[in-house]
Amino acid sequence: MQKKIFYILLVVLFSNCKGEQKVSLDATEIFKSKGVEIPVYDFESFKPLLSINDDKTRVINFWATWCKPCVAELPYFELINSRYPDEQVEVILVSLDLPKQVETRLIPFVKRQNIESKVVLLDDPDADSWISQISADWSGSIPATIIYRGNNVNFYERSFTYNELEKELKKVL
């Protein structure tokens, strides 16, 4: 009987482990309005998202509503988000808008554009300290994108067409 209970416990324990690393991010604040939820992070609480080592590929795009090239390429990230299964690819749109503009600008933009990808706000005024931690090659200009899976990390300080973005994603998949 004890053996049977032991095996059942092992099955339950290992059935919950599917290779996905759970990372808990502690938002400093969460804005909720019009059915949209935007968590706010400082860089230290955001940083674990840059190094999750599981079987998922992450596409992390740094953008802002006031950045025309950023806004122009957002539909391509949304297409990636809709065309690849959640367990295979996760698209995260990291807004660099000002926190005071979240409710008046960012949330209405996300709602109006029907953005389905995860949107977070990075609110850390000490950009000089965290930009180089994301990539030594980053000047701080946006749009900027990281595509990574495990230790395979690619950084891009540029805009994408859909075909270019998908081509870069497939290099990591």
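- Rounded to the nearest 0.5 Å, atoms CG (L74) and CG (L79) are 11.5 Å apart.
- With values rounded to the nearest 0.5 angstrom, K68 atom NZ is found 13.0 Å from S159 atom OG.
- Counting non-hydrogen atoms of other residues, nucleotides and ligands closer than 6.0 Å to CG of N151 gives a total of 12 or fewer.
- Cluster membership check: F31 shares its hydrophobic cluster with V36, using side-chain heavy-atom separations under 4.5 Å among Ile, Leu, Val, Met, Phe, Trp and Tyr.
- In this model, a donor atom of one side chain and an acceptor atom of the other lie less than 3.5 Å apart for S117 and E78.
- Here the shortest heavy-atom pairing between F155 and I134 reads CE1-CG2, 4.3 Å.
- A donor-acceptor contact closer than 3.5 angstrom links the side chains of E157 and S139.
- A salt bridge between E166 and R83 is absent, with no side-chain N of the basic residue lying under 4.0 Å from a carboxylate O of the acidic one.
- The two residues P39 and A27 make their nearest non-hydrogen contact at CB-CB, 4.0 Å.
- In this structure, OG1 in T145 is found 9.5 Å from CD1 in I60, a value given to the nearest 0.5 Å.
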Exercise for the section: Start with the C-alpha gap between L122 and V40, add the side-chain angles, then the distance that decides, and say whether side chain to side chain contact (heavy atoms under 4.5 Å, CB included) holds. Expected result: CA-CA 6 Å; L122 181 55; V40 181; over 6 Å; no

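- A side-chain donor-acceptor contact under 3.5 Å links T65 and D97.
- For the atom pair CZ (F77) and SG (C70), the distance works out to 9.0 Å, reported to the nearest 0.5 Å.
- Classification of K167 and E164 as a salt-bridged pair fails, no side-chain N sitting under 4.0 Å from a carboxylate O.
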Practice task
Before giving the answer on side chain to side chain contact (heavy atoms under 4.5 Å, CB included), spell out for W63 and L93 the whole-Å C-alpha distance, their side-chain angles and the decisive distance to 0.1 Å.
Solution key: CA-CA 7 Å; W63 70 289; L93 304 175; 3.3 Å; yes

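- Between the CG atom in L121 and the CD1 atom in I30 there is a gap of 12.0 Å [rounded to 0.5 Å].
- Judged by a 6.0 Å distance limit and a 45° cone about the ring axis, R105 is not positioned over the six-membered ring of F109.
- Follow the hydrophobic side-chain contacts under 4.5 Å out from I146 and you never reach Y156; the two are in separate clusters.
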Exercise for the section: Under the side chain to side chain contact (heavy atoms under 4.5 Å, CB included) rule, what do Y84 and L173 come out as? Steps first, then yes or no, please. Expected result: CA-CA 11 Å; Y84 289 85; L173 287 176; 3.6 Å; yes

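- Summarising the geometry of E44 relative to P48, their closest heavy-atom pair is O-CD, 3.6 Å, with the distance given to 0.1 Å.
- Of all the heavy atoms in D86 and K56, the pair that sits closest is O-CE, 3.2 Å.
- For an aromatic pair to be called close, the ring centres must be under 6.0 Å apart, and F62 with W138 satisfies this.
- Using modelled atom types, one finds no donor on one side chain facing an acceptor on the other under 3.5 Å when comparing N163 with T161.
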Handout entry: Residue pair Y41, T28: steps toward the side chain to side chain contact (heavy atoms under 4.5 Å, CB included) verdict
Key = CA-CA 6 Å; Y41 301 99; T28 56; 5.7 Å; no

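- Using cut-offs of 30° and 60° on the angle between ring planes, the pair F46 and F43 is tilted.
- Judged by distance alone, the side chains of E73 and N61 do bring a donor and an acceptor atom under 3.5 Å apart.
- Tested against Y148, the residues N154, V172, N53, V153 include a single side-chain contact (heavy atoms from CB on, under 4.5 Å) partner, V153.
- Across all their heavy atoms, L49 and R58 have their closest contact at O-CD, 4.3 Å.
- Here CD of E90 is found 8.5 Å from CG of D54. Values are rounded to the nearest 0.5 Å.
- A distance-only check finds no donor-acceptor pair linking the side chain of K34 to the backbone of I107 [under 3.5 Å].
- Under the 4.5 Å side-chain criterion, counting only non-hydrogen atoms from C-beta, T104 is in contact with Q101.
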